[in-house]
Protein chains: 6
Amino acid sequence: MRLLVLNPNTSASVTDRVAGTARGVAAPGTEIVAMTATRGVPYIATPAEALIGAAVAIETLAEHATGFDAAVIAAFADPGLGAARELLSIPVTGLAESAMLTACMLGRRFSIVAFTPALGPLFRECLDYNGLAARCASVRFVTRPFANIASVHDEQEDAVATLAAEAAQEDGADVVLLAGSPLTGLAARIADRVPVPVLDPVSPAIKHAEALVALAPRKARLGTHGRPEPKPSTGLPPALADRLARRP
Amino acid sequence: MRLLVLNPNTSASVTDRVAGTARGVAAPGTEIVAMTATRGVPYIATPAEALIGAAVAIETLAEHATGFDAAVIAAFADPGLGAARELLSIPVTGLAESAMLTACMLGRRFSIVAFTPALGPLFRECLDYNGLAARCASVRFVTRPFANIASVHDEQEDAVATLAAEAAQEDGADVVLLAGSPLTGLAARIADRVPVPVLDPVSPAIKHAEALVALAPRKARLGTHGRPEPKPSTGLPPALADRLARRP
Amino acid sequence: MRLLVLNPNTSASVTDRVAGTARGVAAPGTEIVAMTATRGVPYIATPAEALIGAAVAIETLAEHATGFDAAVIAAFADPGLGAARELLSIPVTGLAESAMLTACMLGRRFSIVAFTPALGPLFRECLDYNGLAARCASVRFVTRPFANIASVHDEQEDAVATLAAEAAQEDGADVVLLAGSPLTGLAARIADRVPVPVLDPVSPAIKHAEALVALAPRKARLGTHGRPEPKPSTGLPPALADRLARRP
Amino acid sequence: MRLLVLNPNTSASVTDRVAGTARGVAAPGTEIVAMTATRGVPYIATPAEALIGAAVAIETLAEHATGFDAAVIAAFADPGLGAARELLSIPVTGLAESAMLTACMLGRRFSIVAFTPALGPLFRECLDYNGLAARCASVRFVTRPFANIASVHDEQEDAVATLAAEAAQEDGADVVLLAGSPLTGLAARIADRVPVPVLDPVSPAIKHAEALVALAPRKARLGTHGRPEPKPSTGLPPALADRLARRP
Amino acid sequence: MRLLVLNPNTSASVTDRVAGTARGVAAPGTEIVAMTATRGVPYIATPAEALIGAAVAIETLAEHATGFDAAVIAAFADPGLGAARELLSIPVTGLAESAMLTACMLGRRFSIVAFTPALGPLFRECLDYNGLAARCASVRFVTRPFANIASVHDEQEDAVATLAAEAAQEDGADVVLLAGSPLTGLAARIADRVPVPVLDPVSPAIKHAEALVALAPRKARLGTHGRPEPKPSTGLPPALADRLARRP
Amino acid sequence: MRLLVLNPNTSASVTDRVAGTARGVAAPGTEIVAMTATRGVPYIATPAEALIGAAVAIETLAEHATGFDAAVIAAFADPGLGAARELLSIPVTGLAESAMLTACMLGRRFSIVAFTPALGPLFRECLDYNGLAARCASVRFVTRPFANIASVHDEQEDAVATLAAEAAQEDGADVVLLAGSPLTGLAARIADRVPVPVLDPVSPAIKHAEALVALAPRKARLGTHGRPEPKPSTGLPPALADRLARRP
């Protein structure tokens, strides 16, 4: 099984860490191919940045998805996830969605611990989009600015552990999600300091991608992820235009 | 007052009709400048197409909004609306949002009548994004394919009138919204055939843009539409990169 | 355009201030006629007081609305708004509804800052009635009693500014509404001290009334704001009885 | 125990039928005193009519409640219920609320069967006000006009029985509520024709009033049904003004 | 009227206190027969314990309900309530449901004060099951461990009174419910210290059971509480197997 | 990896089919051990039957789970799922939950197609318990009685295929879930006749169990699935009593 793991941010160092986590949790026989967005921002924090990342994501996936069994959009707010499902015929998963759905199997309510308060509005939109706001106990943020997106997981280890424990003890969280992708790898390091399960932001999306490949659902020919009749377009990248036009 | 009315679709004929409606309802002293997207699809019907249109919309607005008092994104699903509010310092309105909020002042529940069933998933996402699904009585679609997006308002006049009346009589709609922009101009023609108010998709967004200019709210420095610290980017159009970097 | 602005409270000094705000924001050519309830309470704070004010409002509007293009019920909980829409054939707006709908175009979540905690239950009912509770970040109150309803806007300027800023910084409000009508005029004075837009309670309802007149919706003949067959009544003020009986 | 049963409509014949049902279901030792509104409409069908009835209800209760152990507002949309609870110190129940709460103990979802489609918007507001819309399977109406409000229960017996059975068989109703007060007495007559429990609109409110008297809750000194400081008023009926002023 | 009051916990001392409260509030002519579960846990605190108690409850009721007019499941989370309604032909009430529904008649929002934080998840499930989470202002717990379930009502009197007052003053509770059954009897003792009504956990369920007997609803032959065709079973207690098989 | 797949129904033939599906979808190296409930009903259809099955499920799991890496409760309404998660230290999945969460990755709204209308109330409770009712487009049932639970998948193949297609075409389902376990194996056979993905009821739960084992979350020491202090019990099966007492 070949999985295309796309980081819609431009930080190659984060892509490397994401790929490391992915390979660590993937089943034997799953090949992880990681890609970094060639345009956009170093890390997506706001709705406008997520829109930019989403547009880049579907262009990249339209061009590169052929030959893969599934794709993973490796940013916590899942930029472009629904559109990718509509445009591609392989399963696509996202970090936020997979983490939240997995959390639903580990507890009744989850909390999200994130590395900057700037992510607040974006994560609220993400919760609403997934219809899971009622299962979210709280969203907590490290408020002290970080020095470097590549090392934020190290800089904030203690702060994240403290917030995760507080989410369980004070907010009633049954499980804690670390968000977003720059924090990958941290969950295992802080697990002992938190009285409820802590989820890495990357791992659930890899396992869900593998699961969907195993379930082998047919591509929708109708509904939200079906594509209507071939549609002409103007000025779009050729691979994306081909998807809209349903050209093979 | 100068309003930039951006059609995020590539159909210039629709832009012309939208501009006509806008000028008809605008207050004396309001100048309407209409623009058509230079890339994208002829009309947005699905979430993936809306994402493409949203990306085009914010790039276009980032480049052209200077010198305007407000902007209107003239497609019913409001592609890029939230991102535009974050990136620009002038008020921005959208057709769907404005029509739905106006409907809330004319009744307790509204129905949407649209020109193709392919719009269903996109409109449901739009209702959810606005948190107004509970005030929506129904979404009805003309199911017979139309010949031409430029003339769909003529082709479907009778079908739309019938659906609008049924929405009032059978679904409990207190007001009916016509969607999307290609239907502009039709509401007045069918009003006598519908027992509840019928809203044109363009007019409310123009009046709301004028109202917001009059209210003169300060640009948010915090929250969903505030911009955090200047952010570097790679490979984006210069005007958009400038907005992210908070360069004047 | 002639707008009837009805204060359903008995405080003429508040009516004067409301009229001042209304005239300041109205378009050229809009004539503001302000009226004060001749019976009721000095300011409405509870559901029972709102009911009393609502009954007075519809009696007053039934008697005086003829000759106006639209009416505004100038108390924040919108007493009698739905009933007025049913009984009158001109558009009617209310302070709370208009402020909340306008807030929805300036942010994803709003907070309400009010001049006394006694307003809490009434405002919660108002949020629920409008189906917008999920878009309300918080309701904050000045807890120190005010000396005089006519000067509460002066007495509480600093307290309101502080609460508004806290709503943005601590509660995640993207926009703050000042409530209710006795605070009109204060928004502009505190805008610089709040990092998100601050809305005056009166201005949005004036602009919405103007917008609805421009949109010229037909009077509903069905649904929530339609009137069924003529209905007899006993012991009601003649103008109100005429509306029920559909006497011209 | 003395119960004041107030019909906020002006139809004395309906009051008589309501009183009959009330006496039939009341416990030994419960005295039923029934009153009819002296102004208003013969039967409340719309939100505006409900507001008129609510204002009459609180004026009447303010004047006459002294000496009673509890009061019942005997119209299905519960006009004035919340305000009465705020103004009086005895328990007050309403037909719609009591029927819906009782239905919650007899099933997971209820349907409402009513005597005219004109009641639709009012009942939807009532469901929302009680936060019970999610437990309502459907609202069905007899669409054929009735000849006389005093005999509607006879005229519509078969039609109501059919709708009630359809609500159970087609809409998934676990219990059916007959609405409103003019239909009292009909539930027992059609029970055999409906495969789920059928609730009379009057009986639950009587039993709830008795139950609340037995539970003897203290009058709230805070919150929604507490009264704040004494409040002056102008032009209101003396008994109502006294309640606002907290004069004994 | 004979009421079977079943304590699904194994603490006979709590059963005695519940029976005392029940007899104190019951109408003349109501006979209270109290039973204690013969297996299970001393007091139910978690979802797993509630499931164990629920299974015991329906077995016990299946065996002993014959000859009673109604049954009360006397634990606050209502273990087995829905299943009992399906299996029995007499009305069944539960402490949590009755308390919450009664609270809806005494205010718009209620708070729950309970004797251990371990009850949190179970009470949240109970609120959701009843669809009343939106009417719950808060759930507060005494955090200091109690010495003995039989005397917890004495140990915690002051702590409960304080939490109840705080719920009214800080959380906006219009009414406070004491939970669960071990706290019965405490409401009356603390009523003077709380500015809103305080409900005993047992009394409302008794009054609701009496009310349902008076209303005499037919046993559902369809829907959630109807029983489908007779069903065979294996290894179940004979009385329960008989109910499933619809053997008289 | 060893998975314990427990059928909480007493139909061994269904267990065999469930085991077959499980083995077909399991990863290499996953050993499936299937068990059938030794008491209960042949197939669970109602809330009371689900409660009986849930009690049996936790007793069985308490006794047999040792030595397994995860457990699957193989009935569509997930009887005992939450309690099992509380009592066991290994991950537990359920058919309904896993199918619904998987559906959330394949579309925005799903429909459920089931083999008897008697399942309606149980499935509605299941949707509510998971907080996913808003993502359910419809629940459709084969209404013609089946002859044998062991062959219902053959008897209803065409009826299920028709309902699944109608759910996509008429109800707006983006994906269709077949429910419950007796229908396992049917999804693949009808996939070509349905324009959206069709999910087998068993497969997602197997893949989720494998995924959770790979993610290796710590057992909660707090929250909904944590166990509080050791608790004594009376009359329970020894293995279950040990879990409550936290005896190893």
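Chain letters run A, B, ... following the sequence lines, proteins first, then strands; residues in each count from 1.
Heavy atoms closer than 4.5 Å to chain D are found nowhere in C:Thr116, neither backbone nor side chain. Neither the backbone nor the side chain of C:Arg85 comes within contact range of chain D; no heavy atoms are under 4.5 Å apart. The contact between C:Ala45 and chain D is made by backbone and side chain atoms together, counting heavy-atom distances below 4.5 Å. Of the two parts of D:Glu125, only the side chain, counted from C-beta on, holds a non-hydrogen atom closer than 4.5 Å to a non-hydrogen atom of chain C. With a threshold of 4.5 angstrom between heavy atoms, D:Pro228 approaches chain C through side-chain atoms but not through N, CA, C or O. For C:Ile58, the part lying near chain D is the side chain, with the backbone staying farther off; criterion is any non-hydrogen pair under 4.5 Å. For a residue to count as touching a neighbouring chain, one of its non-hydrogen atoms must lie under 4.5 Å from one of that chain's; by this rule D:Arg243 does not touch chain C. Contact of C:Leu222 with chain D is not made at all, since no heavy-atom distance falls under 4.5 Å.
Between chain C and the options D:Leu240, D:Leu244, D:Ile52, heavy-atom pairs under 4.5 Å are most frequent for D:Ile52. Heavy-atom pairs under 4.5 Å with chain D peak, among C:Pro42, C:Ala48, C:Pro121, C:Pro117, at C:Ala48. Taking chain C as the reference chain and counting heavy-atom pairs below 4.5 Å, the highest number among D:Glu229, D:Arg227, D:Arg124 is found for D:Arg227. Per-residue heavy-atom pair counts under 4.5 Å with chain D were compared for C:Gly223, C:Pro232, C:Gly82, C:Ala241, and the maximum is reached by C:Pro232. By number of non-hydrogen pairs under 4.5 angstrom with chain D, the leading residue of C:Val56, C:Leu122, C:Thr10, C:Leu236 is C:Leu236. Ranked by non-hydrogen atom pairs under 4.5 Å with chain C, the options D:Pro47, D:Gly226, D:Gly40, D:Ala37 are led by D:Gly40.
A distance of 6.0 Å or more separates the ring centres of C:Phe123 and C:Tyr129. In this structure, the ring of C:Phe141 has its center no less than 6.0 angstrom from the ring center of C:Phe115. Between D:Phe146 and D:Tyr43, the ring centre distance stays below 6.0 Å.
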Should C:Cys136 and C:Arg109 be marked as a side-chain contact (heavy atoms from CB on, under 4.5 Å) after you check the CA-CA gap, both sets of side-chain angles, and the distance that decides it?
-> CA-CA 5 Å; C:Cys136 180; C:Arg109 297 200 301 163; over 6 Å; no
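Between D:Asp128 and C:Asp128, the closest side-chain pair of non-hydrogen atoms is not below 4.5 Å. In this structure, D:Leu186 and D:Glu157 have side chains that are in contact, with non-hydrogen atoms separated by less than 4.5 Å. Within the 4.5 Å cutoff, no side-chain heavy atoms of D:Leu178 are placed close to those of D:Ile112. When side chains are defined from C-beta on, D:His208 does not count as touching D:Val72, because their heavy atoms never get closer than 4.5 Å. Contact check for C:Val33 versus C:Val5: no side-chain heavy atoms found under the 4.5 Å cut-off. C:Asn9 places none of its side-chain heavy atoms less than 4.5 Å from the side chain of C:Thr36.
Taking non-hydrogen atoms and a 4.5 Å limit, the residue list of residues 87-94 of chain D in contact with chain C, ordered by number, reads D:Leu87.
A donor-acceptor contact under 3.5 angstrom links the side chains of D:Thr46 and C:Glu86, judged on distance only.
Sorted by first and then second residue, the pairs that involve residues 52-71 of chain D and meet salt bridge (Lys or Arg N to Asp or Glu O under 4.0 Å), not counting sequence neighbours, are D:Arg39-D:Glu59.
The minimum heavy-atom distance linking C:Ser181 with C:Val14 is given by the pair OG-CG1, 3.8 Å.
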